Amino acid sequence: MTKTLLKKRSGFIVVSLVVAAFTLLSSPTVKADFSRLAALQNDGFAISAEARLLNAPNVTLASLNPNAERSPASVTKAYLGAAALNRFGPQHRFTTQLVSPGEIDANGVLQGDLVFEGGGDPSLTSENLWRLVQRLQQAGVREVAGGLVVSQWRFGPVECITTDRCDARSRVANSYSAPLSSAGVNFGSWCVNVAPAATPGEPARITHCDGPSSLTRVDNRVTTRPDNSGTELNAERLTDEHGDIMRISGQISTNAWPRDVYRGASDSARQTAQTLHAMLTRAGIVMGSEPRVTAEPPPQGASRLAAVDGKPLQEILLRVMNYSNNYMADVLALNLVETPGAQLRQAGEALEAYARSLPGHGPVTLESGSGLTTGNRTSAHGVNLMLESMFHQASLFPSFVATFQSPANGVMRFIRRGPEAFQHNVMIKTGTLNQPFAVRAAAGYFRTDSGRWGVFTVLVNGSRTTPYLNWTKVLEPLTQDLDDMIRAH
């Protein structure tokens, strides 16, 4: 009798626990949706948002117009990363080389031009150029009878499609608007180093970052101030009929550390020509004529004299995604085009073709790989399908998800906010545009408390009549809504 009663009581306890758990999960007080984010619609902002759990069974946790097309801004770079990994693989490296149709004689003279063949490496830096010069010396070259020819035959010059890049042909106060080329170095930017003079009141000392002198003209308006006076620098690159000018103004303290300043060049391939020519000269390699730029490929039969491989694609994507580097993104996208002389619209078409290969993706327009233009259009559901596709590719997913930021540890400080679950259970890519209308976008992955993976995408677009939209107004409700979803599952 006692045993029977215990069994009945045990059964009652189990049933009670199940009912209690079901009641808790189905209780209206446990919200897991985009109700907070949806409030932005009251201010006139258009939203496409969706959050889903992955693996069978797929569960949609929340959605707001998930199939509506919106501008994704730099969330476009997630498409780029997925397309590039599928096309090239994580360990792919872009090769830059020096070739020549001429022979090296017994005296180390290269009888012909030295051709720099740009390989479209988005991460090419001065360090790579120095290695090329060293390997050229190791090949026995001491003098070049011809001249240095920089070939951007793969792509370049690339037509500008945004106001920033078009204006940058004559004047620019940033580095991200640099013109695009398969032969660009240092992200298409000039770099000058600003150091204090020994005596207050004297002009600061300005040199090129890679040498004792400047490779472009400098308009030095920086004054040296006494110790602990503070350092404030303003810089812009101007261009006239004689070429580029770096205008630097402000002040620097006598006890301040030197500062590097980057500004986009007016012609990335020409900047590479000037930089490499100076390095060859410093290495003691005599050049027969001034450097020049061409869109023609190297002559048939040209022999390789030196080469350098860039960073693996998975490392390039870390910079593209974490720092949202627009120059690198668009150069990488142009590499997706197989025909020479690629332009940004062709790169966008390659990205669109990748997106359309995903079953059920829906309409998509991608005019560039960087997302700098509001002409890029996709939906939250489409982005999530792309994220889900990468999740199921075991050989690519580790490289892909590593390019997203963890809010708690990411390089972008403005995302270090919100509840603990958002800080530690989310990997995110953000996108921001202010003109001609505001765009605040976010997409990525999350892990629920029970260990399930999920994807989310939020695309918030303003209009010419909506007020300025700062990130706080989007992140505060988004972090709370995602936190609820993570804890509820």
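What you are looking at is a predicted structure, and each value in this text was computed from that prediction instead of being measured. Computed from heavy atoms alone, side chains included, the values below leave out hydrogens, waters and symmetry copies.
With hydrogens and angles ignored, the 3.5 Å screen pairs no side-chain donor or acceptor of R70 with any backbone N or O of S379. The closest donor-acceptor contact from the side chain of R169 to the backbone of C166 lies under 3.5 Å. Remark: the backbone N or O of V364 is paired with a side-chain donor or acceptor of R356 at under 3.5 angstrom. Listed for the S48 side chain is a donor-acceptor partner under 3.5 Å among the backbone atoms of N65. At least one donor-acceptor pair under 3.5 Å links the side chain of N335 to the backbone N or O of V331. For the pair S249 (side chain) and R221 (backbone), a donor-acceptor distance under 3.5 Å is absent. Although no hydrogens or angles enter the test, the distance criterion places no donor-acceptor pair under 3.5 Å between the side chain of R237 and the main chain of W190. Judged by distance alone, with hydrogens and angles left aside, the side-chain atoms of N322 form no donor-acceptor pair with the main-chain N or O of Q405 at under 3.5 Å. Side-chain atoms of Y445 come within 3.5 Å of backbone atoms of L387 as a donor-acceptor pair (strictly under, hydrogens ignored). Between the side chain of N376 and the backbone N or O of S368 there is at least one donor-acceptor pair closer than 3.5 Å.
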*asked:* Applying side-chain contact (heavy atoms from CB on, under 4.5 Å) to V185 and T96, what does each step give before you reach the verdict?
replied: CA-CA 11 Å; V185 68; T96 306; over 6 Å; no
_Working note: D330 + S370, criterion side-chain hydrogen bond (donor to acceptor under 3.5 Å, both in side chains); need CA distance, chi angles, decisive distance, verdict._
CA-CA 5 Å; D330 281 329; S370 63; 3.0 Å; yes
*F116 and L132: side-chain contact (heavy atoms from CB on, under 4.5 Å), yes or no, with the steps?*
CA-CA 10 Å; F116 174 91; L132 277 178; 3.8 Å; yes
*Mind running side-chain contact (heavy atoms from CB on, under 4.5 Å) on F422 and I428 for me, showing each step along the way?*
CA-CA 10 Å; F422 173 79; I428 189 172; 4.3 Å; yes
*asked:* Walk me through whether D309 and T95 qualify under side-chain hydrogen bond (donor to acceptor under 3.5 Å, both in side chains).
replied: CA-CA 5 Å; D309 290 334; T95 300; 2.7 Å; yes
*Let me see the working for T207 and R205 under side-chain contact (heavy atoms from CB on, under 4.5 Å), right down to the final yes or no.*
CA-CA 7 Å; T207 59; R205 295 178 291 116; 5.6 Å; no
*asked:* For R282 and D210: C-alpha separation, side-chain torsions, deciding distance, then whether salt bridge (charged side-chain N to carboxylate O under 4.0 Å, His left out) applies.
replied: CA-CA 11 Å; R282 285 185 63 194; D210 297 310; over 6 Å; no
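Take R345 and apply the salt bridge (charged side-chain N to carboxylate O under 4.0 Å, His left out) test, not counting sequence neighbours, and it matches E352. Residues satisfying the salt bridge (charged side-chain N to carboxylate O under 4.0 Å, His left out) test with R142, not counting sequence neighbours, are none. For S395, the side-chain contact (heavy atoms from CB on, under 4.5 Å) test picks out no residue, with sequence neighbours left out. Residues meeting the salt bridge (charged side-chain N to carboxylate O under 4.0 Å, His left out) test with E338, sequence neighbours left out: R87. Take R416 and apply the salt bridge (charged side-chain N to carboxylate O under 4.0 Å, His left out) test, not counting sequence neighbours, and it matches no residue. Scanning for side chain to side chain donor-acceptor pair (under 3.5 Å) contacts around N193 gives D260, with sequence neighbours left out. Partners of S123 according to the side chain to side chain donor-acceptor pair (under 3.5 Å) rule, which considers only residues two or more places apart in sequence or in another chain, are D121. With sequence neighbours excluded, the residues that form a side chain to side chain donor-acceptor pair (under 3.5 Å) with E117 are Q97, W153. In this structure, the side-chain contact (heavy atoms from CB on, under 4.5 Å) partners of T339, at least two apart in sequence or on a different chain, are V337, Q346.
N326 and K77 are linked by a side-chain donor-acceptor pair at a separation below 3.5 angstrom, with hydrogens and angles left out of the test. For S71 and N461, the side-chain atoms include no donor-acceptor pair closer than 3.5 Å. Using modelled atom types and a 3.5 Å distance limit, the side chains of T472 and R417 yield a donor-acceptor pair. A donor-acceptor contact closer than 3.5 angstrom links the side chains of D244 and T239.
For the pairing with R440, the side chain to side chain contact (heavy atoms under 4.5 Å, CB included) check across N434, L433, L478, I47 returns one residue only, N434. Tested against R247, the residues N234, D219, N220 include a single side-chain hydrogen bond (donor to acceptor under 3.5 Å, both in side chains) partner, D219.
Residues M390 and N86 have side chains in contact (heavy-atom distance under 4.5 Å, counting atoms from C-beta outward). No side-chain heavy atom of M412 sits less than 4.5 Å from a side-chain heavy atom of T432. Proximity of Y354 to L336: side-chain heavy atoms (C-beta onward) are nowhere separated by under 4.5 Å. Put simply, the side chain of F391 does not reach to within 4.5 Å of the side chain of V455, judged on heavy atoms. Using a 4.5 Å heavy-atom cutoff, the side chains of V158 and L344 are in contact.
Residues G89 and L313 approach most closely at O-CD2, 3.4 Å, considering heavy atoms. Pairing each heavy atom of L459 with each of T378, the nearest pair is CD1-O, 3.7 Å. Among all heavy-atom pairs drawn from H381 and G360, the shortest one is CD2-O, 3.9 Å. The two residues A178 and G188 come nearest to each other via the heavy atoms CB-O, 3.3 Å. Of all the heavy atoms in G431 and A73, the pair that sits closest is C-CB, 3.7 Å.
Distance check: L276 CG to L280 CG gives 4.5 Å after rounding to the nearest 0.5 Å. Within the model, atoms CG of L351 and OG1 of T76 stand 8.5 Å from one another, a figure rounded to the nearest 0.5 Å. Annotation: the span from D43 atom CG to T466 atom OG1 amounts to 9.0 Å, rounded to 0.5 Å. Residue S175 holds its OG atom at 11.0 Å from CG of N186, rounded to the nearest 0.5 Å.
For residues 284-299, the set of pairs meeting the side-chain hydrogen bond (donor to acceptor under 3.5 Å, both in side chains) definition, not counting sequence neighbours, comprises D113-R292. Residue pairs meeting the salt bridge (Lys or Arg N to Asp or Glu O under 4.0 Å) criterion with at least one member in residues 383-402, sequence neighbours excluded, are R52-E388. Within the structure, side-chain hydrogen bond (donor to acceptor under 3.5 Å, both in side chains) pairs that include any residue of residues 268-278 do not occur (at least two apart or interchain).
Remark: R319 fails to qualify as a cation-pi partner of Y327 under the 6.0 Å distance and 45° angle criteria applied to the six-membered ring.
Using the six-membered ring where Trp is involved, W471 and F414 have ring planes that are tilted, between 30° and 60° apart.
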